[in-house]
Amino acid sequence: QQQVKQSPQSLIVQKGGISIINCAYENTAFDYFPWYQQFPGKGPALLIAIRPDVSEKKEGRFTISFNKSAKQFSLHIMDSQPGDSATYFCAASPWNTGNQFYFGTGTSLTVIP
Amino acid sequence: KAGVTQTPRYLIKTRGQQVTLSCSPISGHRSVSWYQQTPGQGLQFLFEYFSETQRNKGNFPGRFSGRQFSNSRSEMNVSTLELGDSALYLCASSLPGAGALGYTFGSGTRLTVV
């Protein structure tokens, strides 16, 4: 059973556009939500993360929006660039139970020049 | 500093064989976690080791096992390989309690079972 549901599976965006990836979870014990970026042939790398005590976190062109009541969170990539073309994974974890993360199934993002 | 090193990068095995994958964490990292990545399933947690002890275990059959050595290097073993075990196996290391902030993945071992 997939504990974190991610959509869309793939996304094509024009350069300069906004990319939006959505995730939903059910387990209310989750209280840490990171996003990972993975390029072909590489392992996932942490992009940005949020705790549920805030509704939004922004780092450069990347923003996480978090809706605790709906148990949903999303990644927004502003001014998308071809170099952002990668696979993005959302994840969730209970903060205090070691390093076990539950990942979404991934979104393949292609940014067209 | 050196990143997380996984060896080998690629591996082809036959059904029924066993395989051992290796992971060398970042120096000073004592927690090592293993994930299986397949298309459509994303990353599935296998297990986590800390100070040579398995601390967490995912929902995988007993054919999947692991261990950690005193220098924090970790190995995972898959016995009686099945076609469905074909995947990218990733390990990640971190400092204890660092959470995702210190969670660094290796580039993985691509296992193909034929």
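In what follows, chains carry the letters A, B, and so on, assigned in the order in which the sequence lines appear, proteins first and then strands, with residues in each chain numbered from 1.
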request  = Using only heavy-atom distances, determine whether the side chains of B/Tyr103 and B/Ser33 contain a donor-acceptor pair under 3.5 Å.
outcome  =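 Side chains of B/Tyr103 and B/Ser33: pair found under 3.5 Å.
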
query = Is there a donor in the side chain of B/Glu48 and an acceptor in the side chain of B/Ser31, or the other way round, less than 3.5 Å apart?
reply =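 Side-chain D/A pair, B/Glu48 to B/Ser31: present.
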
key: Segment of A/Gln9 engaging chain B (4.5 angstrom heavy-atom cut-off)   =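 No part of A/Gln9 comes within 4.5 Å of chain B.
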
inquiry  = With chain A as the partner, which of B/Val4, B/Asn59, B/Leu43, B/Thr38 has the greatest number of non-hydrogen pairs under 4.5 Å?
reply    =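 Ranked by heavy-atom pairs under 4.5 Å with chain A, first place is B/Leu43.
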
ask   = For chain B, which residues from residues 11-19 of chain A have at least one heavy atom closer than 4.5 Å to it?
value =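 Heavy-atom contacts from residues 11-19 of chain A to chain B are absent.
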
ask   = Any cation-pi pair here, B/Arg55 with B/Phe50, using under 6.0 Å and within 45°?
value =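 So B/Arg55 does make the cation-pi contact.
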
message = Looking at B/Asp85 and B/Lys13, is there a salt bridge between them, counting it only when a charged N and a carboxylate O are closer than 4.0 Å?
response =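 Salt bridge: no.
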
query = Is it true that A/Glu59 and A/Lys57 have a side-chain N and a carboxylate O under 4.0 angstrom from each other?
reply =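 Yes.
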
Using non-hydrogen atoms only, which part of [X] is less than 4.5 Å away from chain A: side chain, backbone, both, or neither?
X        : value
B/Gln6   : neither
B/Arg110 : neither
B/Leu90  : side chain

ask   = Based on non-hydrogen pairs under 4.5 Å, which of A/Gly41, A/Ala91, A/Gly106 is most in contact with chain B?
value =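 Heavy-atom pairs under 4.5 Å are most numerous for A/Gly41.
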
task = Heavy atoms only, distances under 4.5 angstrom: which of A/Gly43, A/Pro44, A/Ala45 has the most pairs with chain B? Name it, please.
result =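 Ranked by contacts with chain B, first place is A/Pro44.
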
request  = Measure up the A/Phe73 and A/Phe33 rings against each other and bin them: parallel (under 30°), tilted (30 to 60°), perpendicular (over 60°).
outcome  =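 Tilted.
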
query = Can you check whether A/Ile48 reaches A/Pro34 side chain to side chain, under 4.5 Å on heavy atoms?
reply =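 No, every pair of side-chain atoms sits at 4.5 Å or beyond.
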
All ring-ring contact (aromatic ring centres under 6.0 Å, His included) counterparts of A/Phe62, not counting sequence neighbours =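 A/Phe62 satisfies ring-ring contact (aromatic ring centres under 6.0 Å, His included) with no other residue.
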
task = Report yes or no: does A/Gln81 contribute a side-chain atom to a donor-acceptor pair with the main-chain N or O of A/Asp79 at less than 3.5 Å?
result =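 Side chain of A/Gln81 to backbone of A/Asp79: a pair is present.
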
